[in-house]
Amino acid sequence: MPVLTPEGEDGVVTAWMVDEGGSVRAGQLIAEVQVEKVAAEVEAPIDGVVRGLVAINQPVPQGRPICTIHEAETGETAPPASSPAPATVPLASDRPLASPAARRVAGELGVDLAVVTGSGPGGRITEADVVAAAGAAGAAVEMVGLRAVIARRMRESRATTAAVTLTSTVDFAAEPPQPITAAVVAAAAATLADHPALNGTRQGDLFLPAPTVHIALAIQTDQGLVAPVLRDPAARPVAELAEAIAALAERARQGELAAADFEGATFSVTNLGGYGVDGFTPLINPPQVAILGVGAIRTVPGFDAAGSVVPTRRMTLSLTFDHAFVDGAPAAAFLRDLGARLAGSSS
């Protein structure tokens with residue numbers, strides 16, 4: 001089982017591409033695996049015969065064998081190896097095109113992928129497609145795969161944080177900076193430099209401030225919500241950040257994120273403005289201590305310097321923070337300064 005996450009969670013084999021006792025060649029794709037939200041493909045390191053395949057969805061500690069390969073001439077065995085990053089490998093023509101998560105959920109729910117219509121790019125079957133097919137067939141659908149991971153993380157957040165949410169509005173004198181997500185990430189990173197109490201991670205009862213801001217950005221995919229990391233956004237122009245966000249979102253939708261994409265976040269941003277949501281209460285992503293929610297931009301009546309009514313562009317920001325580590329006043333000061341920075345960037 002390749003080591004894909006630093007926390008040491010167990011992984012599972014979501015699909016075998018070989019049979020017990022089958023012959024393989026070095027470099028041949030033999031299995032798809034998943035650890036938490038990260039999927040990967042495993043290749044045979046040597047030529048030989050495959051023995052001892054673990055069962056689909058059986059938990060296996062990272063770094064432990066999922067099978068052995070017996071060399072034909074010497075009888076020696078070797079554990080399969082894998083690069084931690086998923087690779088794109090051509091699948092056999094008789095295998096439905098499906099994500100590793102979809103294959104695992106199909107096994108758990110007893111769904112035949114051959115009868116599932118894929119909604120992903122190129123007709124790729126997603127986890128959501130499998131769950132929908134199971135529901136249409138009248139099967140009881142439980143939380144599995146990425147959905148189960150998300151559920152566990154959200155419950156952990158509610159159970160282990162003293163979460164408080166503050167909301168504030170930003171009025172833009174001119175057109176808001178675009179694209180708004182990149183602008184908010186850049187402004188948040190710059191503002192966090194002056195408010196280090198919100199930038200870092202907790203370890204037990206200790207808060208570990210981070211010297212650099214790395215922001216996890218919530219991205220919705222067909223498989224569920226993921227939060228890959230934008231590295232040091234404070235040092236990058238907004239236009240460059242926008243390109244990085246677009247590339248990260250595309251990789252997330254294609255299921256191409258690797259373990260390294262989720263490591264090192266010190267703060268999170270989630271934007272529901274595109275869905276018409278104004279304010280909300282985002283959940284903290286442990287071990288971070290704060291997350292910023294971005295709402296929709298609305299045109300509302302406002303007043304100019306002379307007191308005349310003028311159309312004003314307004315956006316609501318929602319900051320959830322862990323009150324066990326951050327008091328209300330410092331959190332409010334961060335939100336105030338962030339709003340001022342964003343309003344100033346539009347003028």
Side-chain angles (χ1 to χ4, degrees), residues 1-12 14 32-43 62-63 81-89 99-102 104 120-121 124 126-128 145-150 152-154 156-157 179 181-182 184-186 188-189 192 199-201 210-236 240-271 282-288 290-292 294:
M1 180 64 63
V3 178
L4 300 178
T5 67
E7 292 82 4
E9 296 94 342
D10 290 347
V12 296
T14 57
E32 291 177 339
V33 301
Q34 183 164 340
V35 181
E36 286 289 304
K37 298 182 180 182
V38 183
E41 294 171 335
V42 178
E43 298 177 353
Q62 295 182 69
S82 171
S83 167
T88 301
V89 179
S99 69
R104 183 174 74 164
R124 184 181 179 90
T126 68
E127 183 179 336
L146 180 57
R147 186 72 260 161
V149 173
I150 294 170
R152 177 168 59 80
R153 291 282 180 86
M154 295 300 98
E156 176 190 352
S157 176
T181 299
V184 170
V185 167
L192 283 167
N199 184 58
T201 56
T212 306
V213 178
H214 300 303
I215 292 184
L217 182 64
I219 297 174
Q220 186 66 45
T221 72
D222 290 336
Q223 289 75 43
L225 186 68
V226 296
V229 182
L230 289 162
R231 309 286 173 192
D232 196 10
R236 305 163 73 174
E240 180 184 322
L241 271 180
E243 293 178 359
I245 289 171
L248 203 59
E250 180 60 22
R251 290 174 54 218
R253 286 189 289 267
Q254 296 291 341
E256 297 175 351
L257 296 175
D261 292 309
F262 296 97
E263 296 173 358
T266 60
F267 187 84
S268 291
V269 171
T270 177
N271 186 352
L283 291 181
I284 298 168
N285 186 17
Q288 300 159 44
I291 180 172
L292 179 71
V294 183

Ignoring hydrogens and geometry, is there a side-chain-to-backbone donor-acceptor pair from Q62 to G11 under 3.5 Å?
-> no
Atom [atom1] in [X], atom [atom2] in [Y]: separation rounded to 0.5 Å?
{"X": "M1", "Y": "Q34", "atom1": "CE", "atom2": "CD", "answer": "10.0 Å"}
{"X": "R153", "Y": "L225", "atom1": "CZ", "atom2": "CG", "answer": "11.0 Å"}
{"X": "T266", "Y": "N199", "atom1": "OG1", "atom2": "CG", "answer": "3.5 Å"}

Per the side-chain contact (heavy atoms from CB on, under 4.5 Å) rule, which among V226, I245, V229, T270 passes with L217?
->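 Exactly one pass, corresponding to I245.
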Result of checking L230, V294, I291 against V269 for side-chain contact (heavy atoms from CB on, under 4.5 Å) |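 Passing option: V294.
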Residue list, side-chain hydrogen bond (donor to acceptor under 3.5 Å, both in side chains) with [X], at least two apart or on another chain:
{"X": "E9", "value": "T5"}
{"X": "T181", "value": "N271"}
{"X": "T212", "value": "none"}
{"X": "D261", "value": "R251"}

Identify the two heavy atoms, one from [X] and one from [Y], that lie closest to each other, and give their separation to 0.1 Å.
{"X": "T14", "Y": "V33", "value": "OG1-N, 3.9 Å"}
{"X": "T201", "Y": "A265", "value": "CG2-O, 3.7 Å"}
{"X": "V213", "Y": "A189", "value": "CG2-O, 3.8 Å"}
{"X": "A216", "Y": "A227", "value": "CB-O, 3.8 Å"}
{"X": "L4", "Y": "A40", "value": "CD1-CB, 3.9 Å"}
{"X": "L292", "Y": "A188", "value": "CD2-CB, 4.5 Å"}

Side-chain contact test, heavy atoms from C-beta onward, threshold under 4.5 Å: evaluate it for V35 versus V3 and give yes or no.
-> no
Non-neighbouring partners of [X] that pass side chain to side chain contact (heavy atoms under 4.5 Å, CB included), sequence neighbours left out:
{"X": "A235", "answer": "D232"}
{"X": "S157", "answer": "T161, L283, I284, P286"}
{"X": "E240", "answer": "R236, P237"}
{"X": "A186", "answer": "V238, L241"}

Can you name the salt bridge (charged side-chain N to carboxylate O under 4.0 Å, His left out) partners of R231, sequence neighbours left out?
-> none
For E250, all residues meeting salt bridge (charged side-chain N to carboxylate O under 4.0 Å, His left out), sequence neighbours excluded =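 Once residues adjacent in sequence are excluded, the partners of E250 under the salt bridge (charged side-chain N to carboxylate O under 4.0 Å, His left out) criterion are R253.
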Sort and list the pairs that fulfil ring pair (Phe, Tyr, Trp, His ring centres under 6.0 Å) and have at least one residue in residues 210-230, not counting sequence neighbours.
-> none
